[in-house]
Amino acid sequence: MLSIYNSLTGKKEPFQSLQPKTVRMYVCGVTVYDYCHIGHARSALVFDVIRRYLEFSDYQVAFVKNFTDVDDKIIKRANERGVSCDAITAEFIEAYYQDMGKLGIRRATNEPKATEHMAEIIELVGTLIQKGLAYQVAGDVYFQVEKYQDYGRLSKRKLEDLQAGARVEVDARKRHPMDFALWKSSKPGEPSWDSPWGPGRPGWHIECSAMSMKHLGETFDIHGGGMDLIFPHHENEIAQSCGATGKEFARYWAHNGFVQINREKMSKSLGNFFTIREIFEKSRWPEAETGEMLRYFLLGTHYRSPLDFSDQSLLEAKNAADGFYGLFARLEEAGDKSTADKGLMEAIERCRVAFREAMDDDFNTSVALAALQRLKSDVNKLLSQGLSTEARKIAREEFRSLGINLGLFQLGKWQFSQMPIGQAMELSQVSAITRGRVVRIDQAAEADPPKPIVSAAKPKSDFSDTQVQLKVDERNEARKQKNFKKADEIRQSLASNGIVIEDKPDGTSRWKR
RNA sequence: GGCGCCGUACCCAAGUGGUUAAGGGAGCAGUCUGCAAAACUGCGAUGCAGCGGUUCGACCCCGCUCGGCGCCUCCA
């Protein structure tokens with residue numbers, strides 16, 4: 001039985017979909033005016049995994065994830081560059097697909113854009129005015145929070161509390177400081193749509209109400225997003241949607257925790273963020289492995305907890321993944337004995353049960369990974385006792401089919417790393433010092449904290465696969481003749497090119513990068 | 001000022017009112033190996049920030065203190 005932590009109630013609740021065997025889920029996507037950072041990656045990944053696991057649990061999932069493509073920041077960026085808003089949003093939607101694609105994040109079943117739902121948005125605003133929940137001031141329309149009884153239910157705040165701490169100067173035309181814009185009149189040169197209140201554009205929150213209700217119905221199952229969206233975005237969505245329909249809106253609210261740098265929230269305003277593409281560019285591993293490493297890293301912590309991003313954690317994830325792919329490589333060789341085949345089935349069954357239990361418990365990927373690690377350890381032992389070719393295939397398949405829930409273990413070959421964690425950390429510190437020096441000289445005022453980097457060194461790739469194989473063969477010939485000096489020299493020269501040899505009992509060797 | 005979260009071994013990270021406090025990474029020792037690598041085995045928190053309280057019993061519940069953080073403005 002699946003249970004989900006519901007931000008609305010603050011409790012873990014058994015999950016029950018409105019319609020049997022179907023889940024309707026809406027997740028707030030990104031505002032497309034810039035490249036995505038690791039925080040965006042985490043959010044996208046978390047809900048991707050939730051979607052995958054729901055499907056694994058035999059639900060059909062209608063998964064809607066929007067793009068916000070009308071917004072102040074987009075307009076600003078377009079003006080800076082002297083291009084149209086459409087050009088900006090098209091560019092960054094494309095970038096989004098590229099970056100998330102590298103992370104193996106599947107597309108949602110529906111990815112609506114605000115600009116394509118003006119009719120629905122305008123209709124919804126009209127309904128809210130009609131019902132007396134919204135009012136017009138010149139060309140603007142505001143939602144009147146005092147008219148909505150349950151305002152503050154999700155974020156667990158009272159209107160008075162919010163008012164007391166208001167950090168921004170209040171627009172005097174508003175009836176209550178917390179009233180928020182449903183429709184904004186547009187200034188010349190801004191994107192604009194005709195409406196009963198004059199030419200304008202929608203406020204931020206209304207698009208999500210309009211799009212979710214259009215594509216999923218007035219009441220649906222799960223609504224997700226980052227923690228920072230709880231207030232005001234999701235609170236306002238609830239007010240608008242429930243206000244307009246008089247019905248329940250989303251039944252379960254799921255919010256992911258932040259990615260942090262040095263225990264601080266990663267964010268644009270703090271400037272302490274890493275874009276996804278930056279990580280891929282700096283990574284010393286090929287794209288597929290880097291994506292796998294990032295996923296492994298991001299899923300090592302429960303989705304609601306904060307997650308600190310660092311070189312070391314990333315390398316730990318890489319090393320942990322190495323262990324799996326090392327086993328997969330050994331499983332791909334033919335086996336003659338079937339001594340332990342029966343034990344394999346038991347180990348697999350044990351893993352399946354543990355995996356499901358973990359994921360059923362509010363998508364506890366950390367514990368689910370532990371279950372897979374247990375299976376890895378079990379299979380390693382069984383392999384040394386002897387597994388048939390058949391059983392080896394079954395074992396590899398099992399990792400694949402459970403792993404796909406997390407998007408892991410789907411790769412064919414894996415590039416291994418030789419860099420010990422200690423060494424990598426030193427590299428990181430060196431670069432941090434260098435960076436600090438540059439900052440001191442150039443812009444003393446902006447001494448930002450040292451940023452960790454993925455890695456300094458790109459792997460040397462002096463040898464092609466066939467060249468390596470020739471060297472390996474040469475070494476084994478030397479070994480056969482007990483010329484260990486020569487054998488060790490060859491191994492050493494390969495090692496300095498990042499290639500590791502593992503000798504097999506039969507006198508042949510496997511190697512990895 | 002209001003609301004809320006977190007503090008578990010060298011690092012990361014699960015977890016439960018009462019069994020041996022998962023798992024990973026790193027480390028050390030051993031087995032195996034020509035030597036390695038990998039794998040395997042063993043070691044590693046008498047304690048879960050600190051102090052009180054509730055309880056037959058608390059890391060887990062309550063209170064306080066210390067430390068870190070988030071939201072209340074755009075933000076995944």
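Values reported hereafter were calculated over all heavy atoms of this structure, with side chains retained and with hydrogens, waters and symmetry mates removed. Not measured: the values here are computed from a predicted model. Proteins get letters first, then strands, A, B, ... in listed order; numbering begins at 1 in each.
Across B/A22 and B/G47, the matching P atoms stand 16 Å from one another, rounded to whole Å. Taking atom P on both B/G53 and B/A58, the two are 11 Å apart, rounded to the nearest angstrom.
Scanning for salt bridge (charged side-chain N to carboxylate O under 4.0 Å, His left out) contacts around A/Lys512 gives A/Glu502, with sequence neighbours left out. Not a single salt bridge (charged side-chain N to carboxylate O under 4.0 Å, His left out) links A/Asp179 to another residue, sequence neighbours left out. Remark: A/Phe399 engages A/Phe324, A/Phe328 in a ring-ring contact (aromatic ring centres under 6.0 Å, His included) (not counting sequence neighbours). Partners of A/Glu111 by side-chain hydrogen bond (donor to acceptor under 3.5 Å, both in side chains), not counting sequence neighbours, listed by chain and number: A/Tyr97. Take A/His302 and apply the ring-ring contact (aromatic ring centres under 6.0 Å, His included) test, not counting sequence neighbours, and it matches no residue.
The distance from atom NZ of A/Lys265 to atom P of B/C74 is 11 Å, rounded to the nearest whole Å. Atom CG of A/Asn272 is separated from atom C1' of B/C69 by 13 Å (rounded to the nearest Å). When rounded to the nearest whole Å, the span between OH of A/Tyr5 and C1' of B/A14 equals 18 Å. Rounded to whole Å, atom C1' of B/A76 lies 12 Å from atom NZ of A/Lys73. Going from atom NE2 of A/His234 over to atom C1' of B/C71 covers 14 Å, rounded to whole Å. The CG-P distance, from A/Asp362 to B/A14, rounds to 12 Å in whole Å. The separation between A/Phe67 atom CZ and B/A76 atom P is 12 Å, rounded to whole Å. The CG atom of A/Asp228 sits 19 Å away from the P atom of B/G4 (whole-angstrom rounding).
Here A/Glu333 pairs with A/Lys504 in a salt bridge; the nearest charged N to carboxylate O distance falls below 4.0 Å.
Using the six-membered ring where Trp is involved, A/His205 and A/His233 have ring planes that are tilted, between 30° and 60° apart. Taking the six-membered ring where tryptophan is involved, the planes of A/Phe309 and A/Phe274 are tilted, since the angle between them lies from 30° to 60°. Between A/Phe180 and A/Phe143, the ring planes lie parallel to each other; the angle is under 30°, not in the 30° to 60° tilted range.
For the strand RNA chain B, secondary-structure stems (runs of at least three Watson-Crick or G-U pairs, all distances below 3.5 Å) span B:1-7 with B:66-72, B:10-12 with B:23-25, B:27-31 with B:39-43, B:49-53 with B:61-65.
Contact annotation for A/Gly29: backbone-only contact, meaning every heavy-atom pair under 4.0 Å involves sugar-phosphate atoms and none involves a base. Residue A/Met227 is classed as having no contact, given no heavy-atom separation below 4.0 Å to the nucleic acid. Counting non-hydrogen atoms under 4.0 angstrom, A/Ser305 reaches the backbone sugars and phosphates but no base. Residue A/Val259 is in base contact, counting any heavy-atom pair closer than 4.0 Å across all strands shown. Using a 4.0 Å heavy-atom cutoff across all strands shown, A/His255 reaches no nucleic acid atom at all. Residue-level contact check: A/Phe484 touches the bases, meaning some heavy atom is under 4.0 Å from a base atom.
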With 3.5 Å as the limit, what N/O pairs link the protein to nucleotides 28-30 of chain B?
none

With the criterion being N/O to N/O and under 3.5 Å, what pairs connect the protein with nucleotides 36-39 of chain B, and how long is each?
| from | atom 1 | to | atom 2 | distance (Å) |
| --- | --- | --- | --- | --- |
| B/A36 | N1 | A/Asp503 | N | 2.9 |
| B/A36 | N1 | A/Asp503 | OD2 | 3.4 |
| B/A36 | N3 | A/Arg491 | NH1 | 3.1 |
| B/A38 | O2' | A/Arg330 | NH2 | 3.0 |
| B/A39 | O3' | A/Asn380 | ND2 | 3.3 |

Between the protein and nucleotides 20-23 of chain B, which nitrogen or oxygen pairs are less than 3.5 angstrom apart?
| from | atom 1 | to | atom 2 | distance (Å) |
| --- | --- | --- | --- | --- |
| B/G23 | O2' | A/Gln373 | OE1 | 2.1 |

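Side chain of A/Asp69 to backbone of A/Ala114: a donor-acceptor contact under 3.5 angstrom is found.
Applying the 4.0 Å criterion to OP1 and OP2 of B/G34, one finds that A/Asn483 has every side-chain N and O outside that range. Using a 4.0 Å cut-off, no side-chain N or O of A/Asn319 falls inside it from OP1 or OP2 of B/G24.
Residues A/Phe47 and A/Asp488 each lie close to RNA chain B; by heavy-atom proximity, the contact nearer the 5' end of the strand is made by A/Asp488.
Using a 4.5 Å heavy-atom threshold, the side chains of A/Pro112 and A/Val64 count as touching. Here the side chains of A/Ile38 and A/Leu298 are in contact, with some heavy-atom distance below 4.5 Å.
Among all heavy-atom pairs drawn from A/Phe355 and A/Leu402, the shortest one is CZ-O, 3.5 Å. The two residues A/Trp414 and A/Ala321 make their nearest non-hydrogen contact at CZ2-CB, 3.8 Å.
Of the residues in residues 99-115 of chain A, none lies under 4.0 Å from RNA chain B by heavy-atom distance.
Each of B/A76, B/C71, B/C74 was ranked by its minimum atom distance to the side chain of A/Pro232; first place goes to B/C74.
Screening A/Asp71, A/Asp72, A/Thr115 for a side chain to side chain donor-acceptor pair (under 3.5 Å) with A/Arg201, the sole residue that qualifies is A/Asp72. When the options A/Arg295, A/Lys65, A/Arg106 are evaluated for a side chain to side chain donor-acceptor pair (under 3.5 Å) with A/Asp48, the one that passes is A/Arg295.
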When you look at A/Phe92 and A/Tyr35, which way does the ring-ring contact (aromatic ring centres under 6.0 Å, His included) test go after all the steps?
-> CA-CA 7 Å; A/Phe92 289 109; A/Tyr35 295 119; 5.2 Å; yes

Are A/Glu289 and A/Tyr325 close enough, and set up right, to give a side-chain hydrogen bond (donor to acceptor under 3.5 Å, both in side chains), and what steps lead you there?
-> CA-CA 11 Å; A/Glu289 278 85 343; A/Tyr325 279 92; over 6 Å; no

For residues 364-372 of chain A, tabulate all N or O donor-acceptor pairs below 3.5 Å that involve a side-chain atom, not counting sequence neighbours.
| from | atom 1 | to | atom 2 | distance (Å) |
| --- | --- | --- | --- | --- |
| A/Asn364 | OD1 | A/Ser366 | N | 3.4 |
| A/Asn364 | OD1 | A/Val367 | N | 3.2 |
| A/Thr365 | OG1 | A/Leu299 | O | 2.7 |
| A/Ser366 | OG | A/Gly300 | O | 3.1 |

Quick one: what's the B/S/- string for nucleotides 5-12 of chain B, heavy-atom cutoff under 4.0 Å, read 5' to 3'?
-> ------BS

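To the nearest 0.5 angstrom, A/Leu383 atom CG is 13.0 Å from A/Lys381 atom NZ.
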